Amino acid sequence: MLEPFLFFLFAVLAVVGALGMLISRNPVQSALWMVMTLFAVACLYLTLNAQFIGVVQILVYAGAIMVLFLFVIMLLNLEATPRLGGLDWKKGVAFVLGVAVLAQLLVILSLRLNAAPTLLPAAEAADATSVENLGLALLTEHAFSLEIIGVLLLAATIGAVLLAKKRFV
Amino acid sequence: MLTDFLPLFIMVVLAAGLALTLLKLAEWLGPYRPRAVKSSPYESGMDPVGTARERYSVKFYLVAMIFIVFDVEIVFMYPWAVSFKTFLEGGGGLASLAIIGVFILILFVGLIYDIKKGGLDWD
């Protein structure tokens, strides 16, 4: 009884946050609406017994990534976005692409919803996604992936310095 | 389990509720008579000049970017730290240390690069 209630509560919060992000004229307000969406999604992860992903979602996305977004907004010095004018070909292309993605999502959803999902028992799911079991899997089965992630993060570090530091020696 | 997080949810709701209640209570109980002068932002007694949203230096962005990389790095080290005791008991302590050591070593190259290129210098 509790779980459907929580799911719909956080799902509605996430959708409201996403709509607020799209509707608000001020870019900083848009970013703050997005924080709400990210928090709601983190709560959805918690209801799925994925505690670690939920906490990381708040720490990394709602914390660090949103700070980066706000920095970009302030770097570009964006004023309030102007109201939408008349139609031009860019908006037409954007509309067609948006409808195509929506149709694709709906087809995937309708295909998946017909097949009954196999659910793990809650206790088993919570155990499988505990931080300790994640660590065991990460360092045994997925050790190579971990090193590849290290290389990806190395590329990100070097890329950030390359982009932001213009005065090279 | 989901019910384990119930206290957390209750705390979040209480914190948000308390903050909103206090804000609304202050507005309701106290006298609220805004005027143009009273509502204007205070800038050391002078009339405010320009907009509040100045352009920021790219230096802040660089620091934030490097911070995120190390933040994500910690996220991957955290499960290792929690499961290290199990690895020790199972005899895989050294092997797990070596795997995470290679991970840290790869990222250490990035840190050296940052320091050498002056990515962590402010000026």
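The figures that follow rest on heavy atoms only: side chains count, while hydrogens, waters and symmetry mates do not. So you know, we letter chains A, B, ... as the sequences are listed, proteins then strands, and number each from 1. The structure presented is a predicted model; accordingly, all values stated were derived computationally and were not measured.
In this structure, no portion of A:F144 lies under 4.5 Å from any heavy atom of chain B. With a 4.5 angstrom heavy-atom cutoff, B:L105 does not touch chain A via any of its atoms. Interface remark: B:F103 contributes backbone and side-chain atoms alike to the contact with chain A (heavy atom separation under 4.5 Å). When heavy atoms are compared at a cutoff of 4.5 Å, A:L152 does not approach chain B at all.
Under a cut-off of 6.0 angstrom, the local environment of NZ in A:K90 is sparse, with at most 12 non-hydrogen atoms contributed by other residues, nucleotides or ligands. Around atom CG of B:L88, more than 12 heavy atoms belonging to other residues, nucleotides or ligands sit under 6.0 Å away. Surrounding OH of A:Y61 are at most 12 heavy atoms belonging to other residues, nucleotides or ligands under 6.0 Å away. In A:F69, the CZ atom is not crowded: 12 or fewer heavy atoms of neighbouring residues, nucleotides or ligands sit closer than 6.0 Å.
When all heavy atoms of B:G110 and A:L154 are compared, the pair lying nearest together is N-CD1, 3.1 Å. Shown here for A:E132 and B:S83, the closest heavy-atom pair between the two residues is O-CB, 3.4 Å. For the residue pair B:I106 and A:E147, the shortest heavy atom distance occurs at CD1-O, 3.7 Å. Across all non-hydrogen atoms, the minimal contact from B:D71 to A:A64 is OD2-CB, 3.7 Å. Here the closest non-hydrogen pair linking B:A64 and A:L68 is CB-CD1, 3.6 Å.
Both A:L6 and B:L14 sit in one connected hydrophobic cluster of ILVMFWY residues. Membership requires side-chain heavy atoms under 4.5 Å apart, directly or through other members. One hydrophobic cluster, built from ILVMFWY side chains closer than 4.5 Å, cannot hold both B:V13 and A:F10; they sit in different ones. Note on A:V55 and A:Y45: separate hydrophobic clusters, where clusters join Ile, Leu, Val, Met, Phe, Trp and Tyr whose side-chain heavy atoms are under 4.5 Å apart, directly or indirectly. Note on B:V102: it clusters hydrophobically with B:I112, by side-chain heavy-atom contacts below 4.5 Å among ILVMFWY residues. A continuous path of ILVMFWY side-chain contacts below 4.5 Å connects A:M66 to A:L22, so both sit in one hydrophobic cluster.
When B:V109, B:I99, B:T86 are compared by the number of non-hydrogen pairs under 4.5 Å with chain A, B:I99 comes out ahead. Chain B forms the most heavy-atom pairs under 4.5 Å with one residue out of A:I149, A:V151, A:V67, and that residue is A:I149.
Contact annotation: the side chain of A:L136 approaches that of B:F87 to within less than 4.5 Å [non-hydrogen atoms, C-beta and beyond]. By the 4.5 Å heavy-atom criterion applied to side chains, A:V56 and B:V72 are not counted as neighbours. Between B:Y78 and A:L138 there is no side-chain heavy-atom pair separated by less than 4.5 Å. Taking 4.5 Å as the limit, some side-chain heavy atom of B:V75 sits within range of a side-chain heavy atom of A:V60. In this structure, the side chains of B:I100 and A:L146 come closer than 4.5 Å at one or more pairs of heavy atoms.
The structure places OG1 of A:T157 at 8.5 Å from CE of B:M65, a figure rounded to the nearest 0.5 Å. Between the CD1 atom of A:I158 and the CD1 atom of B:I66 there is a distance of 11.0 Å, given to the nearest 0.5 Å.
For residues 13-21 of chain A, an interface with chain B (any heavy-atom pair closer than 4.5 Å) does not exist. Heavy-atom neighbours of chain B within the stretch residues 96-106 of chain A, taken at a separation under 4.5 angstrom, are nonexistent.
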**Prompt:** Going through the distances and angles, do A:F71 and B:L62 end up as a side-chain contact (heavy atoms from CB on, under 4.5 Å)?
**Reply:** CA-CA 10 Å; A:F71 272 146; B:L62 183 60; over 6 Å; no
Could you pull out every donor-acceptor pair under 3.5 Å between side chains of residues 16-37 of chain B and any protein atom, sequence neighbours left out?
residue: B:T21; atom: OG1; partner: B:G17; partner atom: O; Å: 2.4

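For B:F60, the ring-ring contact (aromatic ring centres under 6.0 Å, His included) partners are B:Y56, B:W122, not counting sequence neighbours.
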